[in-house]
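First up is the structure itself, then whatever we jot down about it.
Heads up: numbering here begins at 1 and tracks the sequence.
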Amino acid sequence: MVQRSPRSVASQVFLLQVALVVLLVVCGVLALVLQSERDTGTEARRRSIAVAQTFAHSPGVLQALRTPDPSKVLQPLTEMGRKSAGVDFIVVMNTKGIRYTHPIPSKIGHRFVGRIGPSLAGKVYTESVHGPLGHEVQATVPIDDDHGRVTALVSAGLKVKNVTNAVDRQLPIILTAGAGALVVTTGGTALVGRRLRRQTHSLAADEMSRMYEHHDTVLHSVREGVLIVDADERILLANDEARRLLELPSDVEGRSVRELPGLDPAMTELLVSGREAGDEVHFAGGRLLAVNQRPTDRAGCPGGIVVTLRDSTELQAVSGRAEVTRERLELLYDAGLGIGTSLDVVRTADELTRVAVPRFADFVTVDVADAVLHGEEPGPTATDMRRVAVGGIRDDHPLYEKGRLIDFLPSTPQARGYDAGRSELVTDLSSAQDWQAQDPERARQIVEFGIHSLVTAPIQARGEVLGMVNFWRSKREPFDHEELSLAEELVARAAVSIDNARRYTREHALAVTLQRSLLPRTLPEQSALDVGYRYLPAQSGVSGDWFDVIPLPGSRVALAVGDVVGHGLHAAATMGRLRTAVHNFSTLDLPPDELLSHLDDLVGRIDQHEASPETAGEIVGATCLYAIYDPVTRRCVMARAGHLAPALIHPDGSVTFPDVPAGPPLGLGGMPFQTAELDLPEGSQLVLYTDGLIEDRTRDLDVGMELLRRALAGHPERTPEESCQAALDALLPERPVDDVALLIARTRALPADQVADWDVPRDPAAVSGMRAAVSGQLEQWGLSELGFGMELVLSELITNAIRYGSDPIHVRLIHDRTLICEVADASSTSPHLRYAATTDEGGRGLFLVSQLAERWGTRYTDQGKVIWAELAVPDMPDMPDLGEFLVD
């Protein structure tokens with residue numbers, strides 16, 4: 001066991017420092033005391049001289065000396081000046097030393113105690129005397145007249161006792177400061193000694209020698225190189241391992257770093273730079289060395305650096321492989337997040353190119369079977385391949401452009417990979433004759449551009465190859481066989497998304513086709529309205545929006561717009577059922593409120609009868625707006641079930657939203673619907689639409705309706721088709737999220753000369769008169785050839801009204817696309833068509849009407865009923881095909 005010395009190095013140093021500190025503090029206190037006394041005396045003389053000179057040159061002193069009694073004027077002034085200047089006395093005297101002033105009034109008139117000779121000679125004289133106030137320090141200065149002659153003297157001073165008191169007052173402060181300095185320095189010395197004891201572990205000199213010997217032994221035995229370089233770039237220390245790793249000579253210590261032979265330039269530059277380095281890898285002596293370098297000029301250490309060296313050749317190879325593996329895992333992770341964010345084949349292919357460039361390849365091209373883009377199954381060979389994505393580090397590459405249709409030859413890597421369903425590797429494109437056979441000229445351009453290797457991987461899902469992904473390199477090392485698996489992993493992440501997008505495209509196309517088949521492709525013939533419309537299916541899937549234009553008897557036209565809640569094939573199919581129901585109910589010529597009531601019952605039965613776990617929540621209702629416009633009266637009657645109010649464009653271009661009572665959505669039941677009647681001037685435009693036109697997540701419904709109003713207002717000259725397009729441009733985004741149905745109808749009015757009215761008395765004899773009146777009206781319209789048939793129809797209808805109806809009886813004849821005859825009466829009893837037996841005397845009239853007329857029927861009104869019949873007018877134009885206005 002090592003015996004400790006009775007007193008360590010740290011203890012000896014501590015005692016020496018304490019003794020020095022005490023000596024320095026004592027000397028400092030003495031010096032401060034002496035300096036304070038000297039400074040205090042000097043300050044007393046300086047103040048006495050300043051006060052005396054100031055008073056001697058004060059204005060009014062000479063005038064006071066010339067007065068008969070100078071003491072009367074000067075005594076108050078000297079007392080005031082003495083107090084304000086902080087001196088003990090100010091004495092004014094004549095040239096013989098007789099006082100004019102003194103702090104003790106009894107001393108005025110007595111001789112001044114002190115020398116006045118130097119002051120009479122014009123000098124400032126200071127002295128210490130025993131005067132009336134005791135031991136005094138005073139200064140005497142002359143008072144000169146305007147000609148420079150001494151006319152009087154001024155003396156100012158302080159008592160020595162007061163000066164000494166100032167020193168005495170400062171002495172405790174000086175002693176306290178000295179004691180504080182002693183405490184602080186002693187404490188600092190104690191801290192230094194404590195730190196020294198901690199660092200030396202209270203070792204004596206011989207013990208420290210042995211410690212350094214052990215340290216030197218360890219330093220030269222470790223398997224890590226250690227270098228110490230001073231601020232002059234000279235080697236101070238190099239252990240055995242450092243000499244071995246850097247192949248240093250035996251006399252390296254003391255030599256400059258720049259003079260060392262065989263040292264790598266990068267290593268030399270690092271050693272002389274003096275900068276910090278952490279595990280930097282440098283090449284030296286055929287080894288990869290991990291170098292750590294730190295400066296030594298911290299905490300008072302001499303300038304220089306300490307360098308440690310480790311041989312990391314094998315570790316670097318392992319870490320290099322680990323880094324490559326980490327980068328590949330990160331690439332696959334990013335691919336999982338960034339590929340397949342949408343159900344779109346082209347977008348998914350673009351996402352694959354963005355992930356792979358430039359981390360895996362310099363250029364990426366994606367080719368899919370053209371049938372896949374349309375949702376169909378791919379072909380068996382790599383023909384009809386559409387390039388859907390191209391990405392790379394440069395845009396001026398010679399690869400096939402995006403959108404090109406390519407037929408790969410069977411010898412190409414793409415065709416082989418497509419047929420076999422496996423990846424193909426081409427490490428040298430310049431010598432790949434099978435690849436060059438596809439397009440020799442373009443192949444030459446690709447090689448000259450610098451692209452040298454290729455990996456082509458199949459896009460494979462559910463056992464089908466949908467296309468090929470081509471990875472090209474130009475700047476980095478060629479692809480190798482290990483990277484084939486990474487390419488396949490990347491493509492596999494995209495393959496599932498592309499297949500899902502293909503299947504979605506197919507299903508979406510089927511749903512859109514179904515929905516289009518349920519919507520009107522053409523508009524029927526009618527003269528009451530000029531109609532324009534648009535239908536836009538949602539990008540995310542089909543919905544249940546629909547519209548219809550239905551001709552009614554009497555030249556009237558019904559307009560319908562509806563929306564089934566939900567999306568998908570179920571909503572589209574339900575929409576078709578509701579549209580068919582509206583057509584069926586309209587043949588009954590029901591008013592809008594009654595038609596919506598029947599439609600409400602139908603939707604309720606659909607919800608009730610088709611409820612199941614699979615369809616739960618798919619249908620919870622629908623909305624509908626139904627309107628009937630009569631061009632004869634220019635009156636429009638409408639009702640709505642949970643639907644948005646229509647917009648009305650007036651002939652002057654202003655836009656309003658009529659107040660149509662809002663009924664509950666279809667399917668809820670329990671609430672009646674109300675109608676609204678509008679008188680529409682000719683040229684008005686009625687705008688019916690679904691919520692997809694104005695609703696948006698980024699704005700309120702009121703904002704959307706205001707945007708619609710602005711889009712339609714101020715352009716009364718626009719056609720309905722132009723108004724439709726203006727509304728879509730103003731309100732819809734590029735990819736609407738919901739279906740949109742828009743119907744705009746400009747009203748027309750039948751001229752008065754195309755309508756004839758008669759009131760008929762309830763008398764069978766009136767029938768012959770009506771036949772004559774109708775024949776005359778037909779001659780005016782140029783329809784005399786229809787006179788015989790119309791007379792028979794009219795006779796039968798008027799006879800039935802006279803025989804079975806009630807007053808009043810009214811006849812109206814309308815010349816439109818057809819010739820319409822209407823007989824109205826106040827009875828609600830409707831005649832029925834039947835086959836009359838051979839023995840029946842009657843019952844053949846309506847049968848005759850049905851044979852002569854194109855159509856006939858009965859509609860009920862608030863005043864009774866109307867029996868109508870239509871006769872075809874020859875040479876009418878074919879109805880227009882307006883299916884082109886269904887917009888994708």
Got [X] and [Y] here, is their nearest side-chain heavy-atom distance under 4.5 Å?
X: E870; Y: W868; answer: yes
X: V561; Y: H643; answer: yes
X: R556; Y: V632; answer: no

Short side-chain to backbone donor-acceptor contact, [X] and [Y], under 3.5 Å:
X: D548; Y: A560; answer: no
X: K865; Y: Y860; answer: no
X: R803; Y: N800; answer: no
X: R709; Y: V655; answer: no

Is the shortest side-chain N to carboxylate O distance from [X] to [Y] below 4.0 Å?
X: R635; Y: E677; value: yes
X: R534; Y: E721; value: yes
X: E822; Y: R859; value: yes
X: R386; Y: D370; value: yes

CD of Q685 to CZ of R746: how many Å apart, nearest 0.5 Å?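 It comes to 4.0 Å.
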Would [X] and [Y] count as having a side-chain donor-acceptor pair, cut-off 3.5 Å?
X: D563; Y: T623; result: no
X: S806; Y: D825; result: no
X: D739; Y: Y535; result: yes
X: T675; Y: D593; result: no
X: S723; Y: H715; result: no

